[in-house]
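Only one structure is covered here, and it is reproduced in the block below.
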Amino acid sequence: MQPYFVVSGAAVLFAVLLMIRIRLTRSSGSRTVSGIEIGNGQTIGSRSEQDDYFSSMTTTVGTLAVVADGISGLANGRMSSTLAVTTFTKAFAKLEDATNLNGYFAEAATQSNRSILQNLNGQGGGTTLAAVIVCGYQLHYGAVGDSLITIYRNGHFQTVNSKHTAETLLEERVLAGQMTSEEAKTSPVRNQLVNYLGYEGFESMELGSAPIRLYSGDHVLLCSDGIQEALTEIELEEIMRKGGTPQETADAMIDAINDKGFKSQDNATVLILAIG
């Protein structure tokens with residue numbers, strides 16, 4: 001056989017296989033996203049202790065990312081955030097499939113809350129927590145407290161979860177005509193948490209009713225409130241627009257916070273997942 005025909009035949013076969021692969025890929029809604037790139041950044045701020053804790057891991061089920069913010073106003077914040085993240089990662093490592101991820105979030109939260117309360121043994125403590133699982137091009141999430149999950153897409157952020165603070169209750173009172181917007185904005189309890197892990201009254205975490213569709217080029221960010229309080233959304237968008245790897249972007253956010261040098265800067269943590 002002439003070399004020309006061998007090369008031509010191989011090229012045709014490659015093209016056919018490539019088309020088949022593309023069609024199979026497009027028809028599959030659960031394929032694993034290849035090449036999720038992860039970056040993270042953290043600063044202790046002006047605190048004496050780093051109470052934020054975070055982790056990420058990838059298994060055959062998908063990629064898990066978790067950020068927990070130990071409550072600095074109470075003792076044992078570090079213990080609480082570390083215990084919660086460890087509980088979530090250990091439970092995720094045991095998952096064999098993605099058929100009930102909301103069940104996983106709910107059970108891990110319940111177990112974390114129980115373990116934190118046992119370790120606190122009546123002392124003050126607790127943590128907020130934001131967790132996502134990227135499974136194929138689907139985003140599943142669970143959150144409790146005021147840590148933020150947001151998607152950066154086409155130059156703008158799309159907030160995923162709610163803040164479990166008194167701010168929400170105050171806004172409801174404004175809508176009911178029970179107080180003015182100005183009174184709500186200046187209320188001293190505005191940022192007070194109404195739900196967190198390590199809380200005696202904890203009942204459940206916020207879960208997505210359905211997975212959120214992701215697209216190539218999306219960035220999923222998990223931020224403790226130290227990020228949100230130090231950088232405005234406009235500043236965060238400016239940093240994101242500069243591009244770079246997720247690690248470079250996370251570093252730029254932490255540098256921007258440190259440059260501001262706020263005297264009361266809280267612990268701040270950001271975890272960024274770039275969807276390939």
Side-chain angles (χ1 to χ4, degrees), residues 40-57 64-92 105-106 108-132 141-150 161-168 188-206 221-231 250 253-254 257-258 260-272:
N40 61 73
Q42 192 174 58
T43 176
I44 194 171
S46 61
R47 308 295 187 189
S48 59
E49 182 178 66
Q50 177 55 267
D51 289 330
D52 289 359
Y53 197 70
F54 67 94
S55 183
S56 63
M57 66 185 301
L64 168 75
V66 192
V67 168
D69 178 0
I71 300 172
S72 301
L74 300 172
N76 300 306
R78 174 71 175 183
M79 179 277 292
S80 301
S81 62
T82 304
L83 184 54
V85 170
T86 303
T87 300
F88 271 75
T89 52
K90 285 185 175 179
F92 183 71
F105 283 128
T110 299
Q111 186 179 344
S112 296
N113 188 63
R114 183 167 55 242
S115 298
I116 293 170
L117 286 173
Q118 288 173 347
N119 278 273
L120 290 174
N121 195 25
Q123 301 178 69
T127 185
T128 73
L129 183 136
V132 302
Y141 77 93
V144 56
D146 59 0
S147 292
L148 178 71
I149 303 170
T150 184
N161 63 313
S162 305
K163 284 186 176 182
H164 304 155
T165 64
E167 179 181 1
T168 303
V189 301
R190 181 179 179 84
N191 296 320
Q192 183 174 315
L193 290 169
V194 296
N195 197 22
Y196 56 90
L197 299 176
Y199 173 47
E200 289 279 1
F202 173 78
E203 294 182 354
S204 62
M205 73 189 311
E206 177 184 343
L221 283 77
L222 290 79
C223 306
S224 65
D225 65 342
I227 297 287
Q228 309 158 50
E229 292 171 358
L231 300 175
M253 290 180 182
I254 299 303
I257 291 173
N258 290 333
K260 289 194 174 185
F262 291 138
K263 292 182 179 179
S264 58
Q265 176 61 50
D266 194 1
N267 301 153
T269 299
V270 61
L271 197 54
I272 303 175

Shortest non-hydrogen contact from [X] toward [Y]:
| X | Y | result |
| --- | --- | --- |
| Ile149 | Ala143 | CD1-CB, 4.3 Å |
| Ser112 | Leu197 | CB-CD1, 4.0 Å |
| Val270 | Cys223 | CG2-SG, 3.9 Å |
| Phe105 | Met205 | O-SD, 3.4 Å |
| Ala230 | Ile257 | CB-CG1, 3.8 Å |
| Thr89 | Met57 | O-SD, 3.5 Å |

I'd like to know if the side chain of [X] and the backbone of [Y] have a donor-acceptor N/O pair within less than 3.5 Å.
| X | Y | result |
| --- | --- | --- |
| Asp146 | His164 | no |
| Asn161 | Gly145 | no |
| Ser224 | Thr269 | yes |
| Asn119 | Ser115 | yes |
| Thr165 | Gln192 | no |
| Asn267 | Gly226 | no |
| Gln50 | Thr43 | yes |
| Ser46 | Lys263 | yes |

Which value, rounded to the nearest 0.5 Å, describes the distance between [X] atom [atom1] and [Y] atom [atom2]?
| X | Y | atom1 | atom2 | value |
| --- | --- | --- | --- | --- |
| Tyr196 | Thr127 | OH | OG1 | 10.5 Å |
| Glu229 | Gln265 | CD | CD | 7.5 Å |
| Glu203 | Asn195 | CD | CG | 8.0 Å |
| Phe54 | Asn40 | CZ | CG | 3.5 Å |
| Asp69 | Leu148 | CG | CG | 12.0 Å |
| Asn113 | Tyr199 | CG | OH | 10.5 Å |

- Query: Looking at Ile254, Leu221, Val67, which one forms a side-chain contact (heavy atoms from CB on, under 4.5 Å) with Ile227?
  - Reply: Ile254
- Message: Applying salt bridge (Lys or Arg N to Asp or Glu O under 4.0 Å), can you list everything that pairs with Arg190, at least two apart in sequence or on another chain?
- Response: Glu167
Table please: side-chain donor-acceptor pairs of residues 79-86 below 3.5 Å, with sequence neighbours left out.
| residue | atom | partner | partner atom | Å |
| --- | --- | --- | --- | --- |
| Ser80 | OG | Asn76 | O | 2.8 |
| Ser80 | OG | Gly126 | N | 3.2 |
| Ser81 | OG | Asp51 | O | 2.7 |
| Ser81 | OG | Gly77 | O | 3.3 |
| Ser81 | OG | Arg78 | O | 3.1 |
| Thr82 | OG1 | Arg78 | O | 2.8 |
| Thr86 | OG1 | Thr82 | O | 2.7 |

- Task: Assess whether atom NZ of Lys90 is packed by more than 12 heavy atoms of other residues, nucleotides or ligands within 6.0 Å.
- Result: no
- Below 4.5 Å, heavy atoms only, C-beta onward: do Lys260 and Leu231 meet side chain to side chain? yes
